[in-house]
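Read through the structure below, which is laid out as structure tokens, and then see the notes.
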Amino acid sequence: MQQSVWTLLSWGPDGWLDDIASGAAVTVLLALATLPIGLTIGFFVALGKQSEEPSLRITANIYTTIFRGLPELVTLFLFFFGGPLILQYLIRLVRPEATIDVNAFVAGMIVLAIIFSAYASEVFLSAFRAIPKGQYEGGYAVGLSYGQTMRKVILPQLVRIAFPGLENCWLSLLKDTSLVSVVGLAETLRQAGVAARVTKHTFLFFSVAAAVFLILAVISSFATGAIQRSLAQRDARR
């Protein structure tokens with residue numbers, strides 16, 4: 001018997017809303033787990049790109065060129081299918097009977113962090129270049145070391161300047177979590193796809209998935225807006 005839309009979008013054994021909700025939770029967890037890793041890598045890649053050491057500059061530029069140039073889905077497939085083969089080969093040099101099982105969440109987190117960091121590094125690099133050299137020299141003049149100058153003088157300005165660009169990177173990261181559905185992670189898009197195949201209501205469930213991502217984007221906009229106002233107030237008090 002044909003089920004009504006409200007039945008399909010209900011909680012419980014006859015509905016799919018609980019599955020979509022659990023998928024949305026996985027989406028948020030994946031994005032939040034990826035964010036600090038991607039920011040950290042992106043920050044150090046940006047440092048490398050403006051380093052006086054040529055090898056660091058070249059390495060950082062190659063890194064961003066590769067991972068900004070490759071399609072995200074191709075990068076995911078390379079790491080998800082190729083990474084375990086390399087690891088298994090290395091491990092079997094020591095333990096021939098060993099096998100490796102790839103966790104879709106961890107694999108997705110690593111790939112998304114790499115992609116995110118490649119774009120975030122460009123945001124950090126632009127922010128670094130927007131800070132006058134005199135800020136560094138002023139820190140050194142009052143006896144601060146390089147690390148202290150970075151922490152007390154440069155980083156507060158860097159966060160404020162880079163934040164709008166990083167907000168865009170976060171929204172892209174949130175959307176890119178849907179890519180991990182192709183390797184079996186039960187996030188929003190995969191749960192919607194399963195519901196669509198079982199019920200034959202393709203448009204309905206992919207519309208629900210679209211609504212979930214839009215809601216997450218709106219919530220993110222409110223959150224990042226609050227953070228940005230907080231940063232502005234903190235700068236005003238200085």
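The first residue of the sequence shown is numbered 1, and numbering continues consecutively from there. The model shown is predicted, which means the values in this text are computed figures rather than measured ones.
- For Ser117 (side chain) and Ala113 (main-chain N/O), a donor-acceptor pair under 3.5 Å exists by modelled atom type.
- Phe163 and Phe222 are assigned to two separate hydrophobic clusters, defined by single-linkage of ILVMFWY side chains at heavy-atom distances under 4.5 Å.
- Separating the OG atom in Ser145 from the CZ atom in Arg151 is a distance of 7.0 Å, to the nearest 0.5 Å.
- The side chain to side chain donor-acceptor pair (under 3.5 Å) contacts involving residues 27-48 comprise Thr27-Thr188, where partners must be two or more places apart or lie in separate chains.
- Linking Ile, Leu, Val, Met, Phe, Trp and Tyr whenever their side-chain heavy atoms come within less than 4.5 Å leaves Phe213 and Leu9 in two separate clusters.
- With sequence neighbours excluded, the residues forming a ring-ring contact (aromatic ring centres under 6.0 Å, His included) with Tyr63 are Phe67, listed by chain and number.
- Ser51 places no side-chain N or O within donor-acceptor distance of the main-chain N or O of Gly48, the cut-off being under 3.5 Å.
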Evaluate Leu47 against Phe128 for side-chain contact (heavy atoms from CB on, under 4.5 Å), listing each step before the verdict.
CA-CA 9 Å; Leu47 284 179; Phe128 271 123; 3.6 Å; yes

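- The list of side chain to side chain donor-acceptor pair (under 3.5 Å) pairs with a residue in residues 205-223, not counting sequence neighbours, reads Trp170-Ser220.
- If you chain together hydrophobic residues whose side chains sit under 4.5 Å apart, Leu112 and Phe81 fall into the same group.
- Taken from CD1 in Ile114 to CG in Leu70, the straight-line distance is 11.0 Å, to the nearest 0.5 Å.
- In this structure, Ile219 CD1 and Thr224 OG1 are separated by 11.5 Å, a value rounded to the nearest 0.5 Å.
- Counting only heavy atoms from C-beta outward, the side chains of Phe77 and Val182 approach each other to under 4.5 Å.
- For Phe124 and Phe44, the ring centers sit 6.0 Å or farther from each other.
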Is there a side-chain contact (heavy atoms from CB on, under 4.5 Å) between Val183 and Val180? Walk through the geometry before answering.
CA-CA 6 Å; Val183 294; Val180 190; 3.7 Å; yes

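- Placement of Ile20 and Trp11 in two distinct hydrophobic clusters is found when ILVMFWY residues are connected by side-chain heavy-atom separations under 4.5 Å, directly or transitively.
- Pairs passing the salt bridge (Lys or Arg N to Asp or Glu O under 4.0 Å) check and including a residue from residues 184-200, sequence neighbours excluded, do not occur.
- Counting only distance, with no hydrogens or angles, the side chain of Thr59 and the backbone of Leu56 share no donor-acceptor pair below 3.5 Å.
- You'll find the side chain of Phe205 reaches within 4.5 Å of the side chain of Leu8, heavy atoms only.
- Across Gly193 and Phe206, no two heavy atoms sit closer than the pair CA-CZ, 3.8 Å.
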Determine, stepwise, if the pair Ile215 / Val218 fulfils side-chain contact (heavy atoms from CB on, under 4.5 Å).
CA-CA 5 Å; Ile215 290 169; Val218 170; 5.7 Å; no

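- Minimum heavy-atom separation, Ala107 to Phe80: CB-CD1, 3.6 Å.
- Every residue two or more places apart in sequence or in another chain was checked for a side-chain contact (heavy atoms from CB on, under 4.5 Å) with Leu214, and none qualifies.
- When hydrophobic clusters are built by joining Ile, Leu, Val, Met, Phe, Trp and Tyr residues whose side-chain heavy atoms come closer than 4.5 Å, directly or via intermediates, Ile110 is grouped together with Leu78.
- Between atom CG of residue Leu39 and atom CG of residue Leu166 there is a gap of 6.0 Å, rounded to the nearest 0.5 Å.
- With Glu122 contributing its side chain and Ala118 its backbone, the two residues share no donor-acceptor pair below 3.5 Å.
- To the nearest 0.5 angstrom, Gln191 atom CD is 9.0 Å from Leu185 atom CG.
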Could you walk me through whether Leu158 and Phe43 pass the side-chain contact (heavy atoms from CB on, under 4.5 Å) test, one step at a time?
CA-CA 10 Å; Leu158 186 76; Phe43 177 77; 3.6 Å; yes

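- Note that CG of Leu30 is 7.5 Å distant from CG of Leu173, once rounded to the nearest 0.5 Å.
- The two residues Val142 and Gly139 make their nearest non-hydrogen contact at CG2-O, 3.2 Å.
- Counted by atom type alone, Ser121 and Lys49 present zero donor-acceptor pairs between their side chains at under 3.5 Å.
- In this structure, Arg129 places its CZ atom where only 12 or fewer heavy-atom neighbours from other residues, nucleotides or ligands lie under 6.0 Å away.
- Annotation for Ser181 and Leu189: closest pair OG-CD2, 3.8 Å, computed over non-hydrogen atoms.
- For the residue pair Ile37 and Ala33, the shortest heavy atom distance occurs at CD1-O, 3.6 Å.
- Side chains of Ser55 and Glu53: a donor on one and an acceptor on the other come within 3.5 Å.
- By the ring-ring contact (aromatic ring centres under 6.0 Å, His included) test, Tyr119 pairs with no residue at all, sequence neighbours left out.
- When every heavy atom of Val212 is checked against every heavy atom of Ala24, the shortest pair comes out as CG1-CB, 3.8 Å.
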